[in-house]
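Beneath this line is the structure, given in structure tokens, with notes to follow.
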Amino acid sequence: MTRQLHDQFAKQYLKELLAPLGQLTTSQDVSPEIRQVDVWFVPTASSSTERQLLGLLGQMASSDCVFEAFRNQPNPIEVRNCLLKLYSLHSQILRKARRENDAVSEAELPVLWILSPTCSANLLNGFGAKLDNTGNWVEGIYFLPEYQKTALVAINQLPTTEATLWLRILGRGETQKQAAREIEALPSNHPFRRNILEIVGRWYINLQTSQNLDEEDREVLMNLSPAYLKWREDTLQEGRREMVENLLQIRFSSVDEVLAGAIPSMLQLPSQELTRLLLTLSREELLERFGGGSN
């Protein structure tokens, strides 16, 4: 898989989830040289319910932070490049504060979250990254020494809970496959379900239409297939419902609660038969056939 496709998905995905919680910037240039952080997030006042729905991701986004997402485990050079971008961003923030005669405390500087499908013992030991011993964070999150303000997130080591779902879809193999199944099974009224299914579905389409797919790409397609099929099914159903509502609007000038209540039963019919009935039956006949009363 090209790194670009994964980067695009990760940025759009995080943007969709974090937008209700604060200000989010993707591909932010940082000085002195032109480097870009994947996602820079600054929280604003928001309901605790929205943050709780995001679980571990919401916990990470409780303060200013940067996300760098990798499709494969980063090597030491890539981790150091992430650190360099973080400290360049810190310098940029501090320079701006000085120009405005403002002060920025250590706690206010962004934290870096490096999201990786796996983290080898060699990588963790090389950067002195350790699990949290305060009980505030779940397994799979390894913090570098305090003043480096960075953590490596081993997605495959995160517990399989609702709280970690939104990060596990960025993993690989069975981790991603399980997360895709969980997203597909979200209740229809879940606030993130529709938009996340759409983003995952479009990622699937982009991969499917790419040339020279390798084994890793095909694995991702298999992992995302259930979520993609659910998104396609929902999209087609929404399109049919809109068609029915438009035909009813044309036939009867308006769609009141009684007619609207009969639409789910109408959608059970094949499109061709349903269209014929919508164009020929009276309002009373439609309600008699599909329910909803006869007001």
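Numbers for residues simply follow the sequence, beginning at 1.
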Minimum-distance pair of heavy atoms, taken over all atoms of Leu53 and Pro191: CD1-CG, 3.5 Å
Under 3.5 Å donor-acceptor, Gln59 side chain and Gly55 backbone: no
Basic-acidic side-chain contact under 4.0 Å: Arg202, Glu198: yes
Residues Leu259, Leu287; criterion side-chain contact (heavy atoms from CB on, under 4.5 Å); working and verdict: CA-CA 7 Å; Leu259 270 176; Leu287 292 176; 4.1 Å; yes
Any side-chain heavy-atom pair of Leu286 and Leu248 under 4.5 Å: yes
Derivation of the side-chain contact (heavy atoms from CB on, under 4.5 Å) call for Val37 and Leu86: CA-CA 8 Å; Val37 297; Leu86 174 70; over 6 Å; no
Given Phe70, Trp137, Phe41, the one that forms ring pair (Phe, Tyr, Trp, His ring centres under 6.0 Å) with Trp113: Trp137
Cys65 side chain reached by Met60 side chain, heavy atoms, under 4.5 Å: no
Flag if over 12 foreign heavy atoms under 6.0 Å of CD, Gln272: no
Met266 CE to Glu273 CD distance, which is reported to the nearest 0.5 Å: 12.5 Å
Heavy-atom pair of closest approach, residues Leu24 and Leu14: CD1-O, 3.8 Å
Residue pair Val244, Arg241: steps toward the side-chain contact (heavy atoms from CB on, under 4.5 Å) verdict: CA-CA 5 Å; Val244 170; Arg241 183 181 181 93; 5.7 Å; no
Euclidean distance, Arg194 CZ relative to Ser188 OG, rounded to 0.5 Å: 11.5 Å
Val104 with Tyr147, same ILVMFWY side-chain cluster at under 4.5 Å: no
Taking every non-hydrogen atom, the tightest pair across Ala179 and Ile169: CB-N, 3.6 Å
ILVMFWY cluster, Leu274 and Ile250 together (side-chain gap under 4.5 Å): no
Expected output: side-chain Asn125 to main-chain Gly128 donor-acceptor under 3.5 Å: no
Atom CD of Glu245: over 12 foreign heavy atoms under 6.0 Å: yes
Side-chain donor-acceptor contact under 3.5 Å, Glu174 with Gln178: no
Side chain proximity check, Met243 to Thr275, heavy atoms < 4.5 angstrom: yes
Closest non-hydrogen atom pair between Trp166 and His190, with its separation: CZ2-CE1, 3.7 Å
Main-chain N/O of Gln36 paired with Lys85 side-chain donor or acceptor, under 3.5 Å: yes
Close side-chain approach of Leu21 and Pro43, heavy atoms under 4.5 Å: no
Side-chain touch Ile141/Leu56, heavy atoms, less than 4.5 angstrom: yes
CD1/Ile77: more than 12 non-hydrogen atoms of other groups inside 6.0 Å: no
Any side-chain heavy-atom pair of Arg251 and Leu278 under 4.5 Å: no
Residue pair Ser120 / Asn122, side-chain donor-acceptor N/O under 3.5 Å: no
Main-chain N/O of Ser265 paired to Gln268 side chain as donor or acceptor, under 3.5 Å: no
Side-chain donor/acceptor of Thr164 to backbone N/O of Thr160, under 3.5 Å: no
Arg71 (side chain) donor-acceptor with Gly171 (main chain) under 3.5 angstrom: yes
Distance-minimising heavy-atom pair for Ala262 and Gly291: CB-O, 3.3 Å
Rounded distance [0.5 Å steps], CG in Leu131 versus CZ in Phe143: 9.0 Å
Inter-residue atom distance Cys119.SG - Ile114.CD1, 0.5 Å rounding: 8.5 Å
Heavy-atom donor-acceptor pair, Arg172 side chain to Ile155 backbone, under 3.5 Å: no
Main-chain N/O of Glu106 paired with Lys149 side-chain donor or acceptor, under 3.5 Å: yes
Taking every non-hydrogen atom, the tightest pair across Leu197 and Glu184: CD2-CA, 4.4 Å
Heavy-atom check, side chain of Leu18 versus side chain of Leu57, under 4.5 Å: yes
Gln23 side chain to Val42 backbone, donor-acceptor under 3.5 Å: no
Sidechain-backbone polar pair: Tyr87 side chain, Gln148 backbone, donor-acceptor under 3.5 Å: yes
pair Lys96-Ile93: side-chain heavy atoms closer than 4.5 Å: no
Distance (rounded to the nearest 0.5 Å) between Leu267 CG and Phe290 CZ: 9.5 Å
Trace of the side-chain contact (heavy atoms from CB on, under 4.5 Å) decision for Phe127 with Arg80: CA-CA 10 Å; Phe127 285 99; Arg80 286 194 292 270; 4.0 Å; yes
Distance (rounded to the nearest 0.5 Å) between Leu83 CG and Glu78 CD: 12.5 Å
Crowding at CD, Glu242 (>12 non-hydrogen neighbours, <6.0 Å): no
